[in-house]
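To keep things clear, I will list the structure first and then write my remarks on it.
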Amino acid sequence: MTRMLIIGPPGAGKGTQAARICERLSVPAISTGDIFRANIKEQTELGQEAQRYTDQGNLVPDSVTNSMVRDRLAQSDVDNGFLLDGYPRTVAQVEELDKILEVNDTHLDVVLLLTADNDELVKRLLGRAQEQGRTDDTEEVIRHRLDVYDEQTAPVVEVYDRRGIVTQVDGLGDIDEVTERILATLAR
Ligand code: AMP
(Lines give C-alpha, C1' and ligand atoms only; values in the text may rest on other atoms or scores of the structure.)
Protein backbone atom coordinates (compact mmCIF):
# COMPACT_ATOMS: atom_id res chain seq x y z
CA MET A 1 0.00 0.00 0.00
CA THR A 2 1.36 3.39 -0.90
CA ARG A 3 0.50 6.90 0.14
CA MET A 4 1.93 9.19 -2.47
CA LEU A 5 2.20 12.81 -3.46
CA ILE A 6 2.93 14.02 -6.97
CA ILE A 7 4.40 17.51 -7.00
CA GLY A 8 5.98 19.81 -9.55
CA PRO A 9 5.47 23.13 -11.29
CA PRO A 10 2.22 23.90 -13.12
CA GLY A 11 2.36 22.30 -16.56
CA ALA A 12 4.71 19.46 -15.58
CA GLY A 13 1.91 16.98 -16.29
CA LYS A 14 0.94 16.06 -12.73
CA GLY A 15 -2.79 15.67 -13.40
CA THR A 16 -2.31 13.54 -16.51
CA GLN A 17 0.23 11.29 -14.85
CA ALA A 18 -1.69 11.08 -11.57
CA ALA A 19 -4.74 9.67 -13.38
CA ARG A 20 -2.61 7.03 -15.14
CA ILE A 21 -0.65 6.01 -12.06
CA CYS A 22 -3.84 5.68 -10.02
CA GLU A 23 -5.43 3.45 -12.60
CA ARG A 24 -2.39 1.18 -12.70
CA LEU A 25 -2.04 1.00 -8.93
CA SER A 26 -5.78 1.00 -8.16
CA VAL A 27 -5.65 3.86 -5.69
CA PRO A 28 -7.74 7.05 -5.74
CA ALA A 29 -6.28 10.30 -7.06
CA ILE A 30 -7.01 13.28 -4.89
CA SER A 31 -6.51 16.52 -6.79
CA THR A 32 -7.32 19.70 -4.89
CA GLY A 33 -7.31 21.64 -8.20
CA ASP A 34 -9.94 19.25 -9.63
CA ILE A 35 -12.08 19.49 -6.50
CA PHE A 36 -11.95 23.28 -6.69
CA ARG A 37 -12.78 23.27 -10.42
CA ALA A 38 -15.76 20.94 -9.87
CA ASN A 39 -17.07 23.22 -7.12
CA ILE A 40 -16.54 26.32 -9.24
CA LYS A 41 -18.45 24.73 -12.10
CA GLU A 42 -21.38 23.96 -9.79
CA GLN A 43 -21.00 27.37 -8.13
CA THR A 44 -21.18 25.86 -4.66
CA GLU A 45 -20.31 28.05 -1.69
CA LEU A 46 -16.82 26.50 -1.62
CA GLY A 47 -16.50 27.10 -5.37
CA GLN A 48 -17.45 30.76 -5.14
CA GLU A 49 -14.93 31.29 -2.35
CA ALA A 50 -12.16 29.42 -4.21
CA GLN A 51 -12.72 31.12 -7.55
CA ARG A 52 -11.64 34.51 -6.19
CA TYR A 53 -8.17 32.99 -5.77
CA THR A 54 -7.87 30.42 -8.57
CA ASP A 55 -8.77 32.96 -11.27
CA GLN A 56 -5.81 35.09 -10.21
CA GLY A 57 -3.43 32.15 -9.93
CA ASN A 58 -3.23 32.61 -6.17
CA LEU A 59 -3.52 29.84 -3.61
CA VAL A 60 -6.86 29.31 -1.93
CA PRO A 61 -6.51 30.06 1.82
CA ASP A 62 -5.34 27.16 3.98
CA SER A 63 -8.47 27.31 6.14
CA VAL A 64 -10.58 26.34 3.11
CA THR A 65 -8.13 23.90 1.53
CA ASN A 66 -7.09 22.02 4.66
CA SER A 67 -10.61 21.22 5.80
CA MET A 68 -11.53 20.09 2.30
CA VAL A 69 -8.60 17.64 2.26
CA ARG A 70 -9.30 16.50 5.81
CA ASP A 71 -12.85 15.56 4.76
CA ARG A 72 -11.63 13.80 1.64
CA LEU A 73 -9.05 11.75 3.52
CA ALA A 74 -11.70 10.64 6.00
CA GLN A 75 -13.42 8.62 3.26
CA SER A 76 -12.81 4.89 3.30
CA ASP A 77 -11.50 4.54 -0.27
CA VAL A 78 -8.14 5.95 0.84
CA ASP A 79 -7.54 3.12 3.30
CA ASN A 80 -5.47 1.22 0.75
CA GLY A 81 -3.38 4.16 -0.36
CA PHE A 82 -3.86 7.29 -2.43
CA LEU A 83 -2.10 9.73 -4.69
CA LEU A 84 -2.34 13.39 -3.74
CA ASP A 85 -1.99 15.87 -6.59
CA GLY A 86 -1.67 19.56 -5.73
CA TYR A 87 -1.68 19.25 -1.93
CA PRO A 88 0.30 20.07 0.16
CA ARG A 89 1.45 23.16 -1.68
CA THR A 90 2.79 25.22 1.24
CA VAL A 91 4.92 24.28 4.23
CA ALA A 92 1.94 25.04 6.49
CA GLN A 93 -0.11 22.51 4.52
CA VAL A 94 2.62 19.90 5.04
CA GLU A 95 2.20 20.33 8.78
CA GLU A 96 -1.56 20.04 8.46
CA LEU A 97 -1.27 16.87 6.35
CA ASP A 98 1.12 15.40 8.91
CA LYS A 99 -1.55 15.93 11.57
CA ILE A 100 -4.32 14.46 9.42
CA LEU A 101 -2.28 11.32 8.72
CA GLU A 102 -0.91 10.99 12.26
CA VAL A 103 -4.38 10.32 13.61
CA ASN A 104 -4.34 7.02 11.71
CA ASP A 105 -0.69 6.44 12.51
CA THR A 106 0.28 6.89 8.87
CA HIS A 107 2.46 9.19 6.80
CA LEU A 108 3.41 9.83 3.17
CA ASP A 109 5.61 7.06 1.77
CA VAL A 110 6.84 8.71 -1.39
CA VAL A 111 6.92 12.12 -3.03
CA LEU A 112 7.25 12.12 -6.83
CA LEU A 113 8.79 15.32 -8.09
CA LEU A 114 7.89 15.79 -11.75
CA THR A 115 10.19 18.27 -13.47
CA ALA A 116 10.31 20.26 -16.73
CA ASP A 117 12.06 23.49 -17.66
CA ASN A 118 10.23 26.83 -17.55
CA ASP A 119 9.96 27.41 -21.32
CA GLU A 120 8.39 23.99 -21.79
CA LEU A 121 5.96 24.66 -18.92
CA VAL A 122 4.76 27.96 -20.39
CA LYS A 123 4.40 26.37 -23.83
CA ARG A 124 2.34 23.47 -22.47
CA LEU A 125 0.16 25.70 -20.32
CA LEU A 126 -0.63 28.04 -23.20
CA GLY A 127 -1.54 24.98 -25.30
CA ARG A 128 -3.81 23.70 -22.55
CA ALA A 129 -5.45 27.13 -22.28
CA GLN A 130 -6.62 26.76 -25.86
CA GLU A 131 -7.72 23.14 -25.48
CA GLN A 132 -9.47 23.29 -22.12
CA GLY A 133 -10.22 26.98 -21.71
CA ARG A 134 -9.08 27.05 -18.09
CA THR A 135 -9.55 30.59 -16.80
CA ASP A 136 -6.20 30.45 -15.00
CA ASP A 137 -4.23 29.57 -18.14
CA THR A 138 -3.69 33.08 -19.55
CA GLU A 139 -0.03 34.04 -20.00
CA GLU A 140 -0.03 36.58 -17.18
CA VAL A 141 -1.68 34.20 -14.72
CA ILE A 142 0.58 31.34 -15.85
CA ARG A 143 3.71 33.36 -15.04
CA HIS A 144 2.24 34.27 -11.69
CA ARG A 145 1.45 30.61 -10.92
CA LEU A 146 5.05 29.67 -11.74
CA ASP A 147 6.25 32.34 -9.28
CA VAL A 148 3.84 31.08 -6.63
CA TYR A 149 5.27 27.58 -7.16
CA ASP A 150 8.86 28.79 -6.73
CA GLU A 151 8.05 30.83 -3.64
CA GLN A 152 5.55 28.64 -1.81
CA THR A 153 5.65 25.11 -3.17
CA ALA A 154 9.35 24.49 -3.88
CA PRO A 155 9.99 24.70 -0.09
CA VAL A 156 7.54 21.78 0.33
CA VAL A 157 9.88 19.62 -1.75
CA GLU A 158 12.78 20.61 0.53
CA VAL A 159 10.86 19.51 3.62
CA TYR A 160 10.15 16.07 2.14
CA ASP A 161 13.68 15.83 0.77
CA ARG A 162 15.01 16.18 4.31
CA ARG A 163 12.78 13.24 5.21
CA GLY A 164 14.42 11.26 2.39
CA ILE A 165 11.22 10.39 0.53
CA VAL A 166 11.55 12.46 -2.66
CA THR A 167 12.20 10.80 -6.02
CA GLN A 168 12.62 12.99 -9.06
CA VAL A 169 11.20 12.02 -12.44
CA ASP A 170 11.85 13.87 -15.70
CA GLY A 171 8.47 15.04 -17.03
CA LEU A 172 9.78 15.73 -20.54
CA GLY A 173 8.86 13.46 -23.40
CA ASP A 174 6.04 11.26 -24.52
CA ILE A 175 3.16 10.84 -22.01
CA ASP A 176 3.41 7.02 -22.01
CA GLU A 177 7.16 7.17 -21.54
CA VAL A 178 6.82 9.43 -18.50
CA THR A 179 4.20 7.08 -17.00
CA GLU A 180 6.56 4.11 -17.39
CA ARG A 181 9.38 6.14 -15.87
CA ILE A 182 7.21 6.90 -12.82
CA LEU A 183 6.05 3.29 -12.42
CA ALA A 184 9.64 2.05 -12.69
CA THR A 185 10.67 4.53 -9.99
CA LEU A 186 7.85 3.40 -7.72
CA ALA A 187 8.72 -0.25 -8.18
CA ARG A 188 12.20 0.34 -6.82
P1 AMP B 1 -3.93 22.90 -10.02
O2 AMP B 1 -4.95 22.27 -10.89
O3 AMP B 1 -3.32 21.93 -9.05
O4 AMP B 1 -2.91 23.68 -10.78
O5 AMP B 1 -4.71 23.96 -9.10
C6 AMP B 1 -5.42 25.04 -9.68
C7 AMP B 1 -5.63 26.13 -8.64
O8 AMP B 1 -6.38 25.62 -7.53
C9 AMP B 1 -4.36 26.69 -8.02
O10 AMP B 1 -3.76 27.70 -8.82
C11 AMP B 1 -4.89 27.24 -6.71
O12 AMP B 1 -5.57 28.47 -6.91
C13 AMP B 1 -5.91 26.20 -6.31
N14 AMP B 1 -5.31 25.13 -5.48
C15 AMP B 1 -5.12 23.83 -5.82
N16 AMP B 1 -4.53 23.15 -4.82
C17 AMP B 1 -4.33 24.04 -3.83
C18 AMP B 1 -3.74 23.97 -2.53
N19 AMP B 1 -3.22 22.83 -2.06
N20 AMP B 1 -3.72 25.10 -1.78
C21 AMP B 1 -4.24 26.25 -2.23
N22 AMP B 1 -4.78 26.40 -3.44
C23 AMP B 1 -4.83 25.31 -4.24
Side-chain angles (χ1 to χ4, degrees), residues 3-22 28-74 78 82-101 108 111-116 118 120-160 171 175 182:
R3 297 180 186 87
M4 300 170 286
L5 162 67
I6 188 164
I7 196 166
K14 296 183 299 288
T16 305
Q17 294 301 335
R20 294 165 148 244
I21 301 301
C22 285
I30 302 175
S31 158
T32 43
D34 281 352
I35 301 174
F36 285 133
R37 278 185 290 278
N39 276 278
I40 290 167
K41 200 169 161 204
E42 300 295 326
Q43 284 292 299
T44 65
E45 208 173 307
L46 174 76
Q48 289 177 11
E49 167 78 7
Q51 189 166 17
R52 306 189 354 232
Y53 302 92
T54 57
D55 274 355
Q56 310 293 321
N58 288 318
L59 296 183
V60 178
D62 282 355
S63 54
V64 178
T65 310
N66 286 335
S67 59
M68 186 175 91
V69 172
R70 183 179 285 275
D71 289 349
R72 180 63 187 87
L73 288 175
V78 304
F82 54 78
L83 175 57
L84 282 168
D85 163 17
Y87 181 95
R89 228 176 172 104
T90 63
V91 171
Q93 290 180 6
V94 172
E95 287 160 16
E96 188 64 24
L97 178 63
D98 283 343
K99 283 188 211 149
I100 296 172
L101 295 177
L108 282 184
V111 173
L112 283 165
L113 172 61
L114 199 60
T115 58
N118 255 35
E120 173 71 15
L121 297 173
V122 174
K123 198 177 90 190
R124 286 188 189 179
L125 289 165
L126 287 172
R128 185 170 80 186
Q130 286 187 332
E131 283 163 25
Q132 299 178 5
R134 264 178 64 160
T135 50
D136 59 351
D137 275 345
T138 64
E139 182 151 6
E140 195 190 340
V141 177
I142 286 170
R143 294 203 184 278
H144 181 58
R145 282 161 60 215
L146 289 167
D147 288 343
V148 169
Y149 177 83
D150 287 340
E151 284 159 23
Q152 303 201 55
T153 307
V156 168
V157 179
E158 286 167 31
V159 171
Y160 287 126
I175 292 177
I182 294 174

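All heavy atoms count here, side chains included; hydrogens, waters and symmetry mates do not. One-based numbering, in listed order, for ligands and for the atoms of each.
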Identify, for atom 22 (N) of ligand 1, the protein heavy atom at the shortest distance, and state residue, atom and that distance.
Val60 N, 3.0 Å

I need the contact type for Thr54 against ligand 1. Using non-hydrogen atoms and a strict under-4.0 Å cut-off, is it side chain, backbone, both or neither?
both

Would you mind reporting whether Ile40 and Asp55 have side-chain heavy atoms less than 4.5 Å apart?
no

Considering only heavy atoms of Thr65, which atoms of ligand 1 have at least one such atom less than 4.0 Å away?
18 (C), 19 (N), 20 (N), 21 (C)

Hey, which atoms in ligand 1 end up nearer than 4.0 Å to a heavy atom of Tyr87?
19 (N)

Is there a polar contact, in the sense of an N or O pair closer than 3.5 Å, between Tyr53 and ligand 1?
no

Please list, one pair per line, the donor and acceptor atoms closer than 3.5 Å that link side chains of residues 149-158 to other protein atoms, with sequence neighbours excluded.
| residue | atom | partner | partner atom | Å |
| --- | --- | --- | --- | --- |
| Thr153 | OG1 | Arg89 | O | 2.8 |

Within-cut-off N or O pair, Gly86 and ligand 1, under 3.5 Å:
yes

Going by the 4.0 angstrom heavy-atom rule, the piece of Gln93 near ligand 1 is side chain

Leu121 and its side chain to side chain contact (heavy atoms under 4.5 Å, CB included) partner, picked from Ile142, Thr115, Leu146:
Leu146

Honestly, for Asn58 the part within reach of ligand 1 (heavy atoms, under 4.0 Å) is backbone

Atom 23 (C) of ligand 1 has as its nearest protein heavy atom Phe36 CE1, 3.7 Å

Nearest heavy atom to atom 1 (P) of ligand 1, choosing from Gln51, Arg145, Arg89, belongs to Arg89

Answer yes or no: is there a side-chain heavy-atom contact under 4.5 Å between Ile30 and Leu73?
yes

Identify the protein heavy atom lying closest to atom 16 (N) of ligand 1, giving its residue, its atom name and the separation to 0.1 Å.
Thr32 OG1, 2.7 Å

Got a sec: does the CD of Gln132 have more than 12 other heavy atoms crowding it under 6.0 Å?
yes

Considering only heavy atoms of Arg37, which atoms of ligand 1 have at least one such atom less than 4.0 Å away?
2 (O), 6 (C)

What distance separates Tyr160 OH from Ile7 CD1, expressed to the nearest 0.5 Å?
7.5 Å

With Arg37, which residues qualify under side chain to side chain donor-acceptor pair (under 3.5 Å), at least two apart?
Asp34

Side-chain touch Lys14/Leu112, heavy atoms, less than 4.5 angstrom:
no

